[in-house]
Each structure stands twice: as C-alpha cells, then as structure tokens.
Number of protein chains: 2
Amino acid sequence: MRPDDSVTQAERVVLQYLWEVGVATIRDVRDELYPGGETSEYATVQKLLERLEAKGLVKRSRRSVPHTFAAKVERDTFVGRRLDDLAATYCDGSYDPIVSHLVRRAKLTDRERARLESLVDSLRRAAMPKRARE
Amino acid sequence: MRPDDSVTQAERVVLQYLWEVGVATIRDVRDELYPGGETSEYATVQKLLERLEAKGLVKRSRRSVPHTFAAKVERDTFVGRRLDDLAATYCDGSYDPIVSHLVRRAKLTDRERARLESLVDSLRRAAMPKRARE
DNA sequence: CCGAAGCAAAGACAATTTGTCTGAGAGCGA
DNA sequence: TCGCTCTCAGACAAATTGTCTTTGCTTCGG
C-alpha cells in the first residue's frame, strides 16, 4: 500500500511552508510556525523535517551547517498522489467518479461543464477495452 | 482540523461493505469482515458503526431489533468530499491542480487530454470556486 | 585555550487517535 | 426460568502523532 508518503497535520504545515518559501533552515521554520519558540520547538520542527525526509517529501542539504531543507515533491505532484490514493482506495483506481464530482459539484461555467462531461463519456468508453495503448 | 467525516481504516472497510450490500446488521458485517468472529468482534463492528453514525456517514434503523444499517452518504459523494478537502487543504479551494493532475497522470487519449487542457485554461481565467457543502 | 552558542542526532516521553474487548441489562422464545 | 441475541456504555490496548530532553559536535569571539 503506497501512502507511505501521506502526511500528518503538523508535517503538512511544515511542508506547506517549504512550498511557500522554497528553502529554509530549521530555525526559519520554527520562527515562522512557532513564534517565540525555543529549543524544544526547534527540536519539534527538526523531528517533523526528519520524518518528511524519511517519506521522501523533503530533501536536506548537509553541505553546510545549519542544514537547509526544501520540498522534494511539488505541491501539485503531492496533491496528485493523494488523488491517486483516493481513486485507488475508493474507486478501484478509476478516475471516473472524481471527474464526475468535478462536473456535479464544482462551480464551473456551462461550457466547462459540457467539456468535462464529454470527457467523462470518453473515459467511460476507453475504460472498457484493455488494449487501448497509444 | 481534520474534517470530522473522514474515516479511519477500519471504519472505511465497514463503510465500503455497506456501499456494497446496501443494508446490513452488525452480525452481517461481522460475518463478512471477521469470519469466525464472536462477541468481541461483534462489539468491534458495533463500535465502528456507532462512530460512522456519529459522523453522519451511516444511518441506523432502530425500528426493529437487530438494528439495520445503511450508508447515509453515497460513495461518490463521499469521494467528492475528500476531493473538496484536498482542494481546500492544499490548493486554497481551487480545483485547478487537481484537473491538472488528471491531464498529466490519467491515462487519457490525446484528444481527451487536449479537452482537459483547454478546460484548465478556462479554469485559470475564471474565478476559482470556494467549496460548498450541504 | 576557554566557554558560550548553535546545531545534529537519537531517543524518550505524552497526548491523541484508533482498534478491540468486557460487562451489565433488556427482550424474547423454548 | 434458561439460553440466546441484542443494545449500550465504557474500559482498555495498540498505534500514531506531537513534543521535549539529552548528548556531543562544531564554531567563534575573547
């Protein structure tokens, strides 16, 4: 089962900060997320970054001290994986219900809705045969 | 902060079983998910159903004994909520990155891909929706 | 050289969430 | 009544998650 790279609440906040600023030290993150924080909060951030690194979501540069950290996976890629998880867990891997939801619930213009609907039809037809390789 | 209608692993399996069979008693669920299970497993299922009910995901009929249970939220609706959670949590409520992922990752034909891409362009120009929930 | 400050690393907790189980009591049919 | 099934409330164990302590290294100004 894949989602070894999903994140907890606290990890998520750190990851989002990295997406926002690009590169940061532990101190940077602590000062932003735990204003007024001291050494214990420093260690907390350190642990969260360590876990994110272990999940392959953050890369650490050890070339200098203090180490610098950056997201290894872009936000959109990460969201895409969560989307894949959703499809795999609940929809037998199919994107159909997800696209359907976009059609029904998202506040799209009529034209956008029509486009998505035709996509749904295409997906349905393509889902039947196994050898539709490009 | 986690949406209070998301489910845990064990809850999910129960919910999926309800989606599959429609209506079931605790005993039905236990016999399916814990083959050979006895009273302790019965209680486990009972607790999971109770929690699912508290989350508004399952409805219980107390009109007869034993009570019967059914999903209160359809699978696609549920998946849609998770999708909304994703968009709200990571994309500031925008569906843009999600549609983008469908373009890049989903195994679509070239024509389908082109359609989705033009949808993405339209979405980019339009004001992005906030998520709505009944 | 000394000591203070900043840091990395490891691991120990505490808190919370999740999964499982026990026990008491009601209802019902044999 | 006895035996069975059920509901309900809550206790508990296990796992996950968030936080903190400790240790020892390095660097740098005096």
Side-chain angles (χ1 to χ4, degrees), chain A residues 1-18 23-70 78 82 85 89, chain B residues 1-18 23-70 78 82 85 89:
Chain A
M1 290 308 188
R2 201 205 329 169
D4 263 38
D5 63 348
S6 67
V7 296
T8 67
Q9 183 78 10
E11 286 166 1
R12 195 198 81 218
V13 175
V14 170
L15 184 56
Q16 286 178 314
Y17 179 69
L18 287 183
V23 176
T25 62
I26 294 171
R27 172 172 293 270
D28 294 334
V29 177
R30 184 203 62 181
D31 290 347
E32 173 69 19
L33 303 184
Y34 298 81
E38 315 230 342
T39 96
S40 68
E41 288 83 6
Y42 187 98
T44 296
V45 170
Q46 183 174 35
K47 181 61 72 180
L48 293 172
L49 281 166
E50 175 188 320
R51 288 173 182 168
L52 284 168
E53 187 188 15
K55 290 176 179 179
L57 294 172
V58 157
K59 57 177 179 292
R60 173 200 304 241
S61 168
R62 299 167 204 266
R63 308 188 34 139
S64 62
V65 168
H67 295 179
T68 60
F69 297 83
F78 181 82
R82 301 288 75 75
D85 293 342
T89 302
Chain B
M1 197 81 143
R2 195 134 173 91
D4 49 25
D5 65 345
S6 69
V7 296
T8 67
Q9 184 79 8
E11 286 167 1
R12 196 198 81 218
V13 174
V14 170
L15 184 57
Q16 287 178 312
Y17 178 68
L18 287 183
V23 176
T25 63
I26 295 171
R27 173 172 293 271
D28 293 335
V29 177
R30 183 202 62 182
D31 290 346
E32 174 68 20
L33 302 184
Y34 298 81
E38 314 231 340
T39 97
S40 68
E41 289 84 5
Y42 187 99
T44 295
V45 170
Q46 184 174 35
K47 180 62 70 181
L48 293 173
L49 281 166
E50 177 188 317
R51 289 172 182 168
L52 284 168
E53 187 188 15
K55 290 177 179 178
L57 293 172
V58 157
K59 58 176 179 294
R60 174 201 303 241
S61 169
R62 298 166 205 269
R63 308 188 35 145
S64 62
V65 168
H67 295 177
T68 59
F69 297 82
F78 181 83
R82 301 288 75 77
D85 293 341
T89 302

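Values in this document were obtained by computation on a predicted structure and should not be read as measured data. These numbers come from the heavy atoms of this one structure, side chains and all, not from hydrogens, waters or symmetry mates. Sequence lines set the chain letters: A, B, ... in the order given, protein chains first and strands last, and positions in each chain run from 1.
Using modelled atom types, no side-chain atom of Glu53(B) and backbone atom of Phe69(B) make a donor-acceptor pair closer than 3.5 Å.
Atom pair Phe69(A):CZ and dC7(C):P shows a separation of 11 Å (rounding to whole Å applied). Remark: P of dC6(D) and CG of Leu49(B) are 13 Å apart, rounded to the nearest angstrom. When rounded to the nearest whole Å, the span between CG of Leu48(B) and C1' of dC21(C) equals 12 Å. Separating the CG atom of Leu33(A) from the P atom of dT19(D) is a distance of 11 Å, rounded to the nearest angstrom. Distance, Gln46(B) CD to dT7(D) C1': 6 Å, rounded to whole Å. In this entry the distance linking CD of Gln9(A) with P of dG18(D) reads 7 Å, nearest Å. Computed from coordinates, the His67(A) NE2 to dG6(C) P distance equals 17 Å when rounded to whole Å. Atom-to-atom, CG of Leu15(B) to P of dG19(C) comes out at 13 Å; the value is rounded to the nearest Å.
The residue Ala43(B) sits close to a base: some heavy atom pair falls under 4.0 Å.
Counting heavy atoms from C-beta outward, Leu33(A) and Val45(A) have side chains that stay 4.5 Å or more apart. For the pair Arg82(B) and Asp5(B), the minimum side-chain heavy-atom distance is below 4.5 Å. In this structure, the side chains of Leu18(A) and Leu49(A) come closer than 4.5 Å at one or more pairs of heavy atoms.
Toward the 5' end of DNA chain D, the nearer of the two residues Glu11(A) and Thr68(B), judged by each one's closest nucleotide, is Thr68(B).
Here NZ of Lys47(B) is found 12.0 Å from CG of Leu52(B). Values are rounded to the nearest 0.5 Å. Rounded to the nearest 0.5 Å, atoms CD (Gln46(A)) and NE2 (His67(A)) are 9.5 Å apart.
Between Arg62(A) and dA8(C) there is no side-chain polar atom (N or O) within less than 4.0 angstrom of OP1 or OP2. Phosphate proximity of dG18(D) to Thr8(A): present, with a side-chain N or O under 4.0 Å from OP1 or OP2.
The stretch residues 50-61 of chain A touches DNA chain C through Arg60(A), each having a heavy atom under 4.0 angstrom from the strand. A heavy atom closer than 4.0 Å to some atom of DNA chain C occurs in Tyr42(A), these being the qualifying members of residues 34-42 of chain A.
Applying the salt bridge (Lys or Arg N to Asp or Glu O under 4.0 Å) test to pairs two or more places apart or on separate chains, none has a residue in residues 27-46 of chain B.
With dT19(D), dC7(C), dG18(D) as the candidates, the nucleotide lying closest to the side chain of Thr44(A) is dT19(D). In the set dC7(C), dC21(C), dC6(D), the nucleotide with an atom closest to the side chain of Lys47(B) is dC21(C).
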